[in-house]
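Everything on this sheet refers to the single structure shown next.
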Amino acid sequence: MQLTFIMPMYWILDVSGEEEYNEVEVWAVSEEGERVIIKDEFYPEFFIRSGNFEEDVKIIRTLKGVKDVEVVERTFRGRPVKLIRVTTANVRLEDVADEVRKKCNHILDVFQDDVRFSNQYVFKKNIIPSSWTLLDTEKAGYLNGYNLLKLNRLCSIEFEKTVFPELRVLAFDAFFYSLKGSPDPEHSPIISISVMTSENGLMNFSGDEKTLIKSFLDFVKKFDPDVIVGFNSNRKIIPFLVERSRKLGLTFNIGRLDGEPRGSVYGHQSIRGRLNIDLYDLVEESPEIKLETLEEFSQFMNLPIKYDTIEEYELAELWSKDKTRVIEYLGQRVKGIFEIYKLVDEYIFSLSQLTCMPSDYVMAASTGFRVENYLSKLAVERGEVIPSRKEVVHISYPGGIVRSPTPGLHKNIVVLDFRSMYPSLMIKYNISFDTIDPEGPISIPNSTIRFSEREGFLPHALKRLLEERKRIRERLNMLPRDSPERIVLDARQKAVKVISNAIYGYTGWAGARWYTREIAEVTAALGRETILKAMGKAEELKLKIVYGDTDSIFIKEDDRIKELVNWIEDVLGLEVKVDKVYRTVLFTEAKKKYAGLKDDGFIEIVGLEAIRGDWSEVAKIAQREVVEAILKMGVDEGVRVARKHIDNLLNQRVPLKQLIIWKQITKSIEEYEATAPHVEVAKKLIEEGWRIKPGDKVGYIIVKGAGRLYTRVKPYFKVESDEIDWNYYIEKQVLPVCLRILEVFGIKESDLKPSKDLTAFFQ
DNA sequence: TATAGGCACGAAGCCAGCGTTGT
DNA sequence: ACAACGCTGGCTTCGTGCCT
């Protein structure tokens, strides 16, 4: 019988635990806004497939740390299996698993010994982080001023309550003092820490270092934030503050219980009882943000924050000269961090709910692990055992088809897009690791692989995601534009899309627990078939195809497009939509590069140098203007614009900042086989005390001189204007990118460069 | 603690061919 | 006369960052 008394509802902030003590620690916020710790007992488990159950069970029972042993039924990749379930107590799971591997003689497989304690708990108890949950608890005392509760029973998750609670948010950032090179906690003091909260506004801590740290920590304690948000806090700021505090004999305890932040999985710094969110993680997954700076991120989010940017190399010097300006800039940064956070929190919590990862972890985790967590949760729900992570060799397979574009200008081009092509194909053909069946009724054109009819794990996951997205969007469309619920729902549908779009790629990822190359391969093959069939039909209908890539077709506007769309939906059984219409679109000979003019006058540039992060600003601006001129006015205007930019360089009228070329260091310096300009710059910087790790970007300028390019590069902040090799920027930057566009219209290099007869050039 | 493959394009690296230079 | 040297052009490989 269902009890009807009112049970308190909590929003799950964070789940963590101590495996050795079988103690789970859940931090939550009640509906009334009280912050509580909820403790629960939990015994993690792993599974063994054995060749001799009787004997192995006997041995396992004698092992230290084994609480319970039972033979259970599960499925593994869809097939029923009998497994030994080992429940452990007072030990680390992996230690018991290692012992089992050593002592038992008939082990065929071990499962789930590598699934983290808190994950096991969340999956098994069906707890959804960042969501409202009815909990049956009893009071068990106080801890550091927080009500400590003991969990009796988890009741139910309140899916209907979508709006998140009011959390206390603290944005922060810090500057360190280093005259030369990157700061290091051993020698570089903390200059200043700034914080911003909605209640207290902007605050700054400067002055004596020890006092500064103490007052910052005091403030954190007093304000008691649920969320601490920074930019580059996981990899840089927090580890630095922890180390530096230690050096000064202090403990950087910013958690709700005593202790320092702990380095955790995915490079995340775990702060007890609080969510530690690093916005840099979001920058990394937003390809639109090239330089990955906070300034660029703010701009990308359309925030009207003005930054008086100070770069790292000039910070120390400026600090001695003008402290106010440095503190001012730090304040601008913190404000930016705070404002950005307010725009992305719904998305973060949605991803957290979906993947069942606490929100700070889900931010730090990459796409593959988010997908994997989502699938793992589903697996436990379905009695499917989670495979271990194995090291395998990956052989790549053919992917999508790209059609060569018809070069030139095209008027009125319709872009037809398949809706979620790969997910749809996986659903349509029931493609999954657990449905591969040589005798199965579902055959794949041009392939020997076959699938069974019983709904597979991945199609099930995908259907759930697609239905969820549809449901959310239906609800969303009924709500007023700016309503909080609508914003939450919109964030949620985006999160769902991210996960469902990544499932195909996940199956082809060698690091995945459910890595199944055949699945990815056959899905890609079906994708190729689909687009080829669609293009064939388009041609049959006498439609003019201009270009196509993987799941999109660019077609000259025509009434028969409707017919094509219907045919694709009826015959191929897949959804297509008109994604956009270009009034004019420009193609060169190259694939994956074009520029289109939309009806509203907006110019969309795809793939061209103008949007790449590894070209100088001057070249990017020049190309963008040439493209715009051609699309809006004509080729002559394009030529004029290109000449103007070349002329600017000839007369050295371009600001140094526009000459910087930024390139990423993608691996450790020793691993580079070839000598490259950006690597040489990195080497120089390292010699001078800068720390450069993979993922960092170096900015350089080409200076005058002879020989290889890598002998003529300098870090941008060391270049004097009389050293600049202006000719390089003409010949190797502006000219090639402009010519790439103008060549399509028969313009040659000589048409852009000043001839001996100057009157002809400046006409 | 890397979702996948396809593609363009610059610079380096290598080699053959050829002219110049020094002995 | 001829080896040593250096330049040039053609081709391949490395490296980055984009597209769907």
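Lettering follows sequence order; numbering is per chain, from 1. All of these numbers come straight from a predicted model, not from anything done at the bench.
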If we only count heavy atoms from C-beta on, is the Lys714(A) to Ile701(A) side-chain gap below 4.5 Å? no

Without decimals, in angstroms, what is the distance between Asp696(A) CG and dG17(C) P? 12 Å

Looking at every strand, decide which applies to Trp615(A) at a 4.0 Å heavy-atom threshold: base, sugar-phosphate, or nothing. sugar-phosphate

Any base atoms under 4.0 Å from Gly505(A), or only sugar-phosphate, or nothing? Heavy atoms, all strands. base

So do the side chains of Asp417(A) and Val576(A) get within less than 4.5 Å of each other, counting heavy atoms only? no

For the rings on Tyr429(A) and Phe451(A), is their centre-to-centre separation under 6.0 Å? no

In whole angstrom, give the distance that lies between atom CD1 of Ile611(A) and atom P of dG17(C). 13 Å

How is Gly508(A) classified with respect to the nucleic acid when contacts are heavy atoms under 4.0 Å: base, sugar-phosphate, or nothing? sugar-phosphate

Taking side chain as C-beta onward, heavy atoms only, is Tyr700(A) less than 4.5 Å from Pro715(A)? no

Under 4.0 angstrom, heavy atoms only, what part of the nucleic acid is Tyr728(A) near: base, sugar-phosphate, or nothing? sugar-phosphate

Less than 4.5 Å apart, any side-chain heavy atom of Arg691(A) and any of Ile686(A)? no

Using a heavy-atom cut-off of under 4.0 Å over every strand shown, decide if Tyr515(A) touches base, sugar-phosphate, or nothing. nothing

Report yes or no: is the cationic atom of Arg116(A) (NZ for Lys, CZ for Arg) closer than 6.0 Å to the six-membered ring centre of Tyr361(A), at no more than 45° off its axis? yes

Exercise: do Thr516(A) and Arg77(A) side chains pair donor with acceptor under 3.5 Å: yes

With a strict under 4.0 Å distance from non-hydrogen atoms of chain A, what nucleotide opens and what nucleotide closes the contacted stretch of DNA chain B, reading 5' to 3'? dT1(B) to dG13(B)

Students often get this wrong, so: under 4.0 angstrom with heavy atoms, is Pro398(A) touching a base, only sugar-phosphate, or nothing? sugar-phosphate

Gly400(A) or Ala502(A): which one's nearest nucleotide on DNA chain B is closer to the 5' end? Ala502(A)

Mind running a 4.0 Å heavy-atom check of residues 668-678 of chain A against DNA chain C and sending the residues that fall below it, in number order? Tyr672(A), Glu673(A), Ala674(A), His678(A)

Could you tell me if the side chain of Val415(A) sits less than 4.5 Å from the side chain of Tyr582(A), heavy atoms only? yes

So Thr666(A), base contact, sugar-phosphate only, or nothing? Heavy-atom distance under 4.0 Å. sugar-phosphate

Base, sugar-phosphate, or nothing: which does Ile401(A) touch, judged by heavy atoms less than 4.0 Å apart? nothing

Which part of the nucleic acid, if any, lies within reach of His268(A) when heavy atoms closer than 4.0 Å are counted: base, sugar-phosphate only, or nothing? nothing

With a cut-off of less than 4.0 Å, is there a side-chain N or O of Lys697(A) near OP1 or OP2 of dT16(C)? no

Would you say Glu723(A) has more than 12 foreign heavy atoms packed within less than 6.0 Å of its CD? yes

Distance under 6.0 Å and angle within 45° of the ring axis: does Lys591(A) meet both against Tyr547(A)? no

So which of residues 355-379 of chain A are in contact with DNA chain B, with a heavy-atom cut-off of under 4.0 Å? Ser366(A), Thr367(A), Gly368(A), Phe369(A)

Got Leu458(A) and Thr507(A) here, is their nearest side-chain heavy-atom distance under 4.5 Å? yes

